[in-house]
2 protein chains.
Amino acid sequence: MQAKGKSNLVSKSAACKSANPTINDVAALAGVSKKTVSRVINRSPLLSDATRDKVETAIRKIGFVPNPQARALALRRNFLIVLLHDNPNAQTVLNFQTGVLQTIRDSDLALVVRPVDRDSADMLADVRTFLEKQRPLGVLLLPPISERGDLADLCRNAGVEYVRIGSAMLDDEAHCVASNDREVVSEACQALIERGHRRIGFVRGPSGFRSAQEREDGFRDTMAQAGIALNEEWIAQGNYRFSSGLVAGEQILKAAPRPTAILASNDEMAAGVMHAAKHLGIDVPSKLSIVGFDDSPTASHLWPPLSTVRWPIVEMGRVAARKLVARYLPDFDEGAGPLPTRLASTFIDRASMGSPSD
Amino acid sequence: MQAKGKSNLVSKSAACKSANPTINDVAALAGVSKKTVSRVINRSPLLSDATRDKVETAIRKIGFVPNPQARALALRRNFLIVLLHDNPNAQTVLNFQTGVLQTIRDSDLALVVRPVDRDSADMLADVRTFLEKQRPLGVLLLPPISERGDLADLCRNAGVEYVRIGSAMLDDEAHCVASNDREVVSEACQALIERGHRRIGFVRGPSGFRSAQEREDGFRDTMAQAGIALNEEWIAQGNYRFSSGLVAGEQILKAAPRPTAILASNDEMAAGVMHAAKHLGIDVPSKLSIVGFDDSPTASHLWPPLSTVRWPIVEMGRVAARKLVARYLPDFDEGAGPLPTRLASTFIDRASMGSPSD
DNA sequence: AATGTGCCAGACACCGGTGTCAGAAAGAGC
DNA sequence: GCTCTTTCTGACACCGGTGTCTGGCACATT
């Protein structure tokens with residue numbers, strides 16, 4: 001069963017422990033062809049157990065690791081996961097990365113982070129070029145750009161798998177991981193109502209954002225269900241930034257009567273509202289309760305610490321990466337459990353919420 | 001001057017507009033060999049202008065873009081920049097990425113972000129494996145891991161270029177981009193002294209960190225030069241986290257007499273000190289001035305807004321990337337100016353700093 | 001005119017894997 | 001024992017670039 005006839009069993013074999021071992025070294029050592037080694041690496045089912053063992057032993061012995069560049073060239077596909085994001089808060093991006101990396105830790109995959117500019121006219125062209133050049137396994141889309149259907153279409157057309165992360169179901173189960181913003185805002189709003197608040201204000205996020213819409217819907221629905229009338233004077237729009245929260249807060253708080261509680265669509269704007277209250281000499285939480293959304297680091301650093309909502313973002317990163325990879329490497333998960341699509345956020349009740357004093 | 005004899009000028013030429021054009025398509029169109037096209041791509045100096053023009057026209061005409069995977073295989077080098085970081089604050093990482101991406105925007109380079117676990121026993125092995133597999137052009141090391149000499153050695157040995165970012169010169173000019181923590185802390189300290197503060201406390205960063213050392217040195221030097229005695233009761237150690245700042249603040253503020261100002265080595269700890277002051281009913285800034293470091297988003301959201309120090313982190317990302325790339329692509333910069341090694345931070349005087357009241 | 005020199009461009013192998021297809025080995029049916 | 005399958009394995013070309021080396025041509029030298 002020796003190598004017979006003219007085989008391409010390679011010559012290079014000569015004790016090359018030093019440099020990176022190649023598939024040829026393994027083939028020579030195991031006495032098989034490189035194609036057979038390739039089959040072992042790729043878990044081909046058409047292999048006899050004896051051959052597989054022989055090759056696996058050889059692989060372990062010389063510590064062979066397939067060259068990703070060669071694989072990428074031959075397969076026309078890089079073992080890369082791209083994280084596309086546009087300017088959500090930094091901690092969210094980083095935590096999401098953490099989750100993704102936990103999933104791919106022991107695989108051959110690498111994570112590429114790619115910020116994009118939502119406002120740029122040729123954002124789509126940029127992304128297309130990038131995907132065509134890098135040919136990644138798939139992309140992960142973080143909000144807010146995950147909401148853009150054209151990006152998802154682009155991925156599909158480019159033959160790149162994708163998973164969209166968002167405040168609500170943005171796509172079918174296989175292509176998204178969603179939170180339950182509406183429900184959890186509702187929970188926060190109910191908590192305010194239970195403490196006796198009736199005059200409740202709201203700072204909306206920018207229009208056109210699904211997250212903003214979901215959160216506002218959660219607020220409006222809950223108020224309606226509780227039979228509490230809304231006062232549009234207590235509702236203002238922001239753009240998710242601190243400064244817009246400041247402006248919105250000042251505007252809402254000069255209403256008469258003013259609300260006893262304000263829900264903001266994210267923490268930055270909640271911090272802005274808090275500043276507005278300080279400027280106006282309104283004490284938080286005795287005269288005004290404030291609730292944010294995101295559980296950014298800022299939330300716990302504020303005084304009083306901000307009640308807010310925490311997305312299970314690390315977990316979302318883990319799940320999103322698993323969804324992506326599972327499509328290529330069916331046995332990747334090894335019974336790591338089901339792949340949920342909805343991951344519930346949690347309302348964190350800190351000190352910025354109190355009972356109305358009047 | 002037609003192709004003569006048996007050339008490898010390819011057959012595939014037939015109107016393949018649709019798929020990605022290859023170097024062979026360009027060669028066929030321009031009537032040259034693929035090697036000549038390769039020379040044009042790589043700006044080889046041994047080309048006649050006529051040939052170059054011909055090929056460049058062909059490249060533009062069919063929109064040819066070299067396949068990065070094939071290049072990586074042939075060159076044994078990926079056109080990748082890796083950002084290695086370990087858990088500094090999220091905004092810093094993100095801003096740094098922004099800078100790097102500004103530099104490489106129009107190049108073939110891609111940015112890979114790789115968080116590492118400083119505390120893991122096999123962190124070095126992990127990084128080595130990663131570098132050997134990905135074969136990046138170079139790595140960028142963000143603090144605090146940029147301070148580790150063994151990581152820099154590893155890069156050198158793996159034949160991967162590196163640039164270390166830090167609070168002070170960590171390496172020779174070509175291999176680092178540094179801030180001037182010592183000087184700018186000194187500036188902040190002097191500002192406190194000028195406002196009349198004499199009882200000044202300090203929250204140190206964790207020992208073993210160069211940044212922590214630099215900042216403390218800046219504080220101690222300035223106090224010494226001003227001839228103000230230090231009270232070790234007003235100096236506490238933290239670990240750069242909010243909770244440690246809280247503990248440090250409580251400890252320092254129960255001293256009698258207590259300081260009228262406290263410098264903290266970063267914003268998170270400064271926020272902790274501020275919370276401690278609130279708990280103890282000490283007003284900021286009238287009874288206590290607080291200065292942080294980092295200009296994290298939190299700093300401006302606190303009440304009162306925190307005086308702090310801003311690293312020119314985006315600029316540092318730009319410069320670091322340029323330093324890395326310049327070593328491979330000498331004409332990359334195209335007269336973009338000198339490559340500084342020291343980038344000065346700026347002291348931002350916000351509302352958390354006042355004059356002592358007693 | 002014959003030779004020397006320098007500059008350009010092409011043929012060819014190679015980087016390290018994978019797809020295809022043909023063919024060998026092993027078991028089934030007669 | 002001899003075909004017919006079925007199962008496994010190997011030769012070879014290929015992915016799309018790059019390094020090396022050789023050779024053609026123009027021009028200068030004798």
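Just so we're on the same page: letters track the sequence lines, and every chain starts at 1.
Regarding A:R71, its CZ atom lies at a distance of 10 Å from the C1' atom of C:dT18, rounded to whole Å. Spacing between atom CG of B:N24 and atom C1' of C:dG10 amounts to 13 Å, rounded to whole angstrom units. Rounded to whole Å, the distance from CZ on A:R52 to P on D:dC8 is 9 Å. For the pair B:R135 CZ and D:dT18 P, the interatomic distance rounds to 17 Å; values are reported in whole Å. Whole-Å rounding puts the A:L46 CG to D:dT7 P distance at 9 Å. The CG-C1' distance, from A:N20 to C:dG17, rounds to 14 Å in whole Å. Atom-to-atom, CD1 of B:I41 to C1' of D:dG19 comes out at 15 Å; the value is rounded to the nearest Å. The distance from atom NZ of B:K35 to atom P of C:dA11 is 13 Å, rounded to the nearest whole Å.
Heavy atoms of A:R76 sit under 4.0 angstrom from primed sugar atoms or phosphate atoms, though from no base atom. A:L73 comes within 4.0 angstrom of a nucleotide base, judged by non-hydrogen atoms across all strands.
B:K34 contributes no side-chain N or O that forms a donor-acceptor pair with the base of C:dG10 under 3.5 Å.
In this structure, B:T36 reaches the C:dG10 phosphate: one of its side-chain N or O atoms is under 4.0 Å from OP1 or OP2. Under 4.0 angstrom from either OP1 or OP2 of C:dT18 there lies at least one side-chain N or O belonging to A:S38. For B:S48, no side-chain nitrogen or oxygen approaches OP1 or OP2 of C:dC8 to under 4.0 Å. Distances shorter than 4.0 Å separate some side-chain N or O of A:N42 from OP1 or OP2 on C:dT18.
Nearest-nucleotide positions on DNA chain C for B:P45 and A:A74 put B:P45 closer to the 5' end. Mapped onto DNA chain C by nearest heavy atom, A:Q69 and A:R39 fall at different nucleotides, with A:Q69 at the one closer to the 5' end.
For the 3.5 Å distance criterion, the side chains of A:T22 and A:K34 fail to qualify, holding no donor opposite an acceptor.
The CZ atom of B:R128 sits 10.0 Å away from atom CG of B:L151, with the distance rounded to the nearest 0.5 Å. Atom CG in A:L83 sits 6.0 Å away from atom CD in A:Q97 (nearest 0.5 Å). Note that the CD1 atom of B:I145 and the CG atom of B:D150 stand 10.0 Å from one another [nearest 0.5 Å].
Taking every side-chain heavy atom of A:F64 into account, C:dG17 is the closest of D:dG19, C:dT18, C:dG17. Listed nucleotides: C:dT18, C:dG17, D:dT9. Nearest to the side chain of A:A70: C:dG17.
Within the 4.5 Å cutoff, the side chain of A:D126 has no heavy atoms near those of the A:M123 side chain.
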